[in-house]
Number of protein chains: 2
Amino acid sequence: MTTITDIANALGITPSTVSRALAGNPRVKEETRVAVEKMAKLLGYERNVVASNLRKGQSHIVGIVIPRIHREFFSNVIGGAERILNQAGYNVLICQTMESVEAEIKALKTLKNYRVAGVLLSHAIDALNGNHVKEILEDTPLVQFDRVFPDLPGAKIVGANCEGAFQATMHLIQAGYKRIGTIAGFMTSQAYIERLAGYRLALESAGLPFDPAIVYENAIVRETGYEAGLKAIDAGCDALYSAGAFSALGATDALKEKGLRIPEDFGVVATSNEGFTSLMSPALSTLNQHPFEMGETAARAFLEGSRETQVIPMELIVRQSSKKQQ
Amino acid sequence: MTTITDIANALGITPSTVSRALAGNPRVKEETRVAVEKMAKLLGYERNVVASNLRKGQSHIVGIVIPRIHREFFSNVIGGAERILNQAGYNVLICQTMESVEAEIKALKTLKNYRVAGVLLSHAIDALNGNHVKEILEDTPLVQFDRVFPDLPGAKIVGANCEGAFQATMHLIQAGYKRIGTIAGFMTSQAYIERLAGYRLALESAGLPFDPAIVYENAIVRETGYEAGLKAIDAGCDALYSAGAFSALGATDALKEKGLRIPEDFGVVATSNEGFTSLMSPALSTLNQHPFEMGETAARAFLEGSRETQVIPMELIVRQSSKKQQ
DNA sequence: TAAAAAAATCCAAACGTTTGCACATTTTCG
DNA sequence: CGAAAATGTGCAAACGTTTGGATTTTTTTA
């Protein structure tokens, strides 16, 4: 492979001048800059980024650490982040933690060893605080998204969980449902706490009672959603706001099994506009979290060196599952 | 950050010995090796992989180039590949081409500049041949998967397209459907050509006529699948084998709209066991391509330096959409 | 036209690791 | 006991780029 020394030799100048010429340094004469660029093209020169990174002490790589890549939400976040970062000349190194803090620690160390320019992180669910992150990353720029450690400084990009849940619940109320339960997720996670708060706020602002008996916690996958659905039927609910789409899917399984018609007898709205929700019958009303935009926003926060918390609004998508004919 | 020189100074030895000790070189005394490792731990040493990569002329990064990360199939392939590669001490740099050859060229150049240890590639749909790949990558190890250039040497991991389509079509025949059409995808891609061949083979081996009038090419997304569905109804079909899941979804839209019952009046089977297919009603029978395994296999092929073509079998998953009550 | 200022280039070290070869020390063996 | 072999370390160069400061060349100014 050709190096800057090859170019320098071919032109009878030194590698330092070639380096500066290629970097657009104003200290080199226009004439020689053109000559260098021409020769570089002629010899098919491509900068050795490894050498460049070593000398400069940092790479043009941004690490993205996420629980799992298969999840539609995260792969969309990555897509958004990558778009912005590529435009800015960065590349993306992706690490999956599989929801394990150990793997998260390993991933962060790896990224640190690569001297990445920054890290975009959505932490594993079993992480209690961000001490390990701070300790490993030290002064490497960090942007957290979706799942964030409140105790860690720096940029945080989160969804409008409370507002979204409020909107979804309010929509059910306005559609005429009377006893609205919620599948609430895990209370160890900030995002789910906020969603529950939004649900409660909507009920109270409409003058409806908040009943802890119809709050179904710790349900997040299809199976536990199914069980929550059965309980909601028994408890006399006629609607559910679910903090997750997969648990809502499980709940509709239960509703169908018990012969309840959606949306006539029972209304359902869920957070997370996963692709399958529009394909269910009846199609599920959801809150779109705009994962692609979340990724873009996180990437921009890194590029701009922002340290702010930014909130990505959620958008209610009304489909059949909540259209009660009054 | 601590370097091997720091360790060397602390122990009164030279960096070269430290380097050898950490690399497990048998030429260093067991005693000093232990001392070095102890000191390394004490000082919190982490190898600077950038410097290491520069010296060794290659990194422990494997590049994965794919059309789009959001597609369930590809994100699962990545998941599988990453699992194997991480185990072997490699990291993964992911590049999306967005189906554009230009972006593919850029991605390959970037990876080459990072001196990646190898590349896993599934090419953009508008690429006609692999000349650009060969030209850029030169002697960097390459493993192609799913979408492969036949003219390029080296390892290729593909699905059992022909066999899968054969199996799916045969299943429809055995279920009692009489006039089976196909949504065939793009004939510029080897995978779709093979699927069509498998479909045809099944018909002929069952003594059924192959009728080009009920082969619907160039349909791959929901919209074009819908149109193909309408045409199939007009052509008197009572079943469809679709080479893609999204086009099958569109076809079922058309069938429902025209009041046909699935599976009683019309059977559907599709390649690609996308997550949504099990959630449709009726649930769609599909061929599971085992994307996670495909990723694992591709990664292993790289690690082993294989140059073979490996075929990942497809598995027929029979759901409601093809269960005719005869 | 000489001195000063500005512009362009060069020199050499540095980034942290790896590695061929040389050197020193110890062990083996006739 | 001395030579040869084996063992363990050290030296120094190399990977390709970047960059502070020195040096040379050109331009400006008195």
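Order of the sequence lines sets the chain letters (A, B, ...), proteins ahead of strands, with each chain counted from 1. Fair warning: this is a prediction, and the values are worked out from it, not measured in the lab.
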Enquirer: Measure from CG on L22(A) to P on dT9(C) and round the result to the nearest Å.
Expert: 13 Å
Enquirer: So which nucleotide from dG16(C), dG10(D), dT19(D) ends up closest to the side chain of L54(B)?
Expert: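 From the listed options, dG16(C) comes nearest.
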Enquirer: Could you check S16(B) against R47(A) and say which one's nearest nucleotide on DNA chain D is further toward the 5' end?
Expert: S16(B)
Enquirer: Hey, is D139(A) close enough to K112(A) for a salt bridge, meaning N to O under 4.0 Å?
Expert: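 Judged by the 4.0 Å cut-off on N to carboxylate O distance, D139(A) and K112(A) do form a salt bridge.
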Enquirer: Between E135(B) and K109(B), is the closest basic N to carboxylate O distance under 4.0 Å?
Expert: no
Enquirer: Rounded to the nearest angstrom, tell me the gap between atom CD1 in I13(A) and atom P in dT17(D).
Expert: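 Atom-to-atom, I13(A) to dT17(D), this comes out as 13 Å.
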Enquirer: Quick one: on DNA chain C, does T2(B) or P15(A) contact a more 5' nucleotide (nearest heavy atom)?
Expert: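 First, find each residue's nearest nucleotide; the 5'-ward one identifies P15(A).
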Enquirer: Below the 4.0 Å mark, does dG10(D) have OP1 or OP2 next to a side-chain nitrogen or oxygen of T14(B)?
Expert: yes
Enquirer: Starting from P on dG20(C), measure out to CZ on R20(B) and report it in whole angstrom.
Expert: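 Nearest whole value for this atom pair: 9 Å.
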Enquirer: In whole Å, I'd like the distance from the CE atom of M1(A) to the P atom of dG16(D).
Expert: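 Distance check: M1(A) CE to dG16(D) P gives 10 Å.
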Enquirer: To the side chain of A51(B), which of dG20(C), dT17(C), dT9(C) is closest?
Expert: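 The listed nucleotide nearest to A51(B)'s side chain is dT17(C).
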Enquirer: Where the side chain of R55(B) is defined as all heavy atoms beyond and including C-beta, which of dT9(C), dT19(C), dG16(D) is the nearest nucleotide?
Expert: dT19(C)
Enquirer: Do any pairs count as a ring pair (Phe, Tyr, Trp, His ring centres under 6.0 Å) and have a residue in residues 89-121 of chain A, sequence neighbours left out, and if so which ones?
Expert: H60(A)-Y90(A), Y90(A)-F302(A)
Enquirer: Starting at CG of N25(A) and ending at C1' of dA8(C), how long is that distance when rounded to a whole Å?
Expert: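 The answer, rounded to whole Å, is 10 Å.
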Enquirer: How do I4(A) and R27(B) order along DNA chain D: which one's closest nucleotide is nearer the 5' end?
Expert: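 Its nucleotide being nearer the 5' end, the pick is R27(B).
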Enquirer: The helix from dT1(C)-dA30(D) to dG30(C)-dC1(D): angle between its terminal axes, five pairs each, to 10°?
Expert: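 The value is 50°.
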Enquirer: Would you please classify the geometry between the F149(A) ring and the H132(A) ring as parallel, tilted or perpendicular, with 30° and 60° separating the classes?
Expert: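 Ring orientation of H132(A) relative to F149(A): perpendicular.
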Enquirer: Is the shortest side-chain N to carboxylate O distance from E37(A) to R33(A) below 4.0 Å?
Expert: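 A salt bridge is present here (some side-chain N lies under 4.0 Å from a carboxylate O).
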Enquirer: Check this for me, if you would: do K41(A) and E46(A) make a salt bridge, where the nitrogen-to-carboxylate-oxygen distance has to be below 4.0 angstrom?
Expert: no
Enquirer: Take atom CD of E30(B) and atom P of dA6(D), then tell me their distance rounded to the nearest Å.
Expert: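 Those two atoms, CD and P, are 21 Å apart.
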Enquirer: Among the nucleotides dG21(D), dT19(C), dG10(D), which one has an atom lying closest to any side-chain atom of S19(B)?
Expert: dT19(C)
Enquirer: Between dG16(D) and Y114(B), is there an OP1 or OP2 to side-chain N/O distance shorter than 4.0 Å?
Expert: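 Negative; the distance criterion is not met.
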Enquirer: Report the distance from atom CG of N9(B) to atom P of dT17(C), rounded to the nearest whole Å.
Expert: 12 Å
Enquirer: Indicate yes or no: does E296(B) engage R83(B) in a salt bridge with an N to O separation below 4.0 Å.
Expert: yes
Enquirer: What is the separation between atom NZ on K29(A) and atom C1' on dT27(D), rounded to the nearest whole Å?
Expert: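 Whole-Å distance recorded here is 12 Å.
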